[in-house]
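Accompanying notes for the structure given below.
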Amino acid sequence: TQQEAQATYDADPSDPNQLDGDDDGIACEELPPGGAPANGDDDDDDDEEVPAPSRIDTGGGGTA
């Protein structure tokens, strides 16, 4: 992520990994910020709506 690249760059601004190609102090500007891949699929299902379980009629609960 850009955030991770920036932290690496900030730790060593001599930029041995060439993270800042245009020398503006911002590393890997083309990467998404904060962890989501560029396609927007962050594999984090917390924001997906999960349907509530449906009720199943199991009868009166007696034995056969």
Side-chain angles (χ1 to χ4, degrees):
T1 66
Q2 193 282 327
Q3 186 176 21
E4 292 168 327
Q6 189 68 46
T8 300
Y9 175 82
D10 290 343
D12 187 356
S14 71
D15 200 17
N17 299 307
Q18 301 176 352
L19 301 173
D20 182 17
D22 58 2
D23 292 323
D24 66 351
I26 301 173
C28 299
E29 297 167 77
E30 72 282 356
L31 290 178
N39 68 3
D41 184 6
D42 62 2
D43 291 331
D44 183 4
D45 294 335
D46 291 342
D47 58 349
E48 292 181 21
E49 190 172 319
V50 177
S54 60
R55 293 186 171 263
I56 299 172
D57 186 4
T58 59
T63 58

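As the structure is a prediction and not an experimental result, all values here were calculated from the model.
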> Partners of Glu29 by side-chain hydrogen bond (donor to acceptor under 3.5 Å, both in side chains), sequence neighbours excluded?
Replying inline: none
> Linking Ile, Leu, Val, Met, Phe, Trp and Tyr by side-chain heavy atoms under 4.5 Å, what else ends up with Ile26?
Replying inline: none
> When rounded to the nearest 0.5 angstrom, what distance separates CD in Gln6 from CG in Leu19?
Replying inline: 8.5 Å
> Which pairs with one or both residues in residues 13-24 pass side chain to side chain donor-acceptor pair (under 3.5 Å), sequence neighbours excluded?
Replying inline: Asp12-Ser14
>> Would the distance check show the side chain of Gln2 and the main-chain N or O of Ala27 forming a donor-acceptor pair, the cut-off being under 3.5 Å?
In response: yes
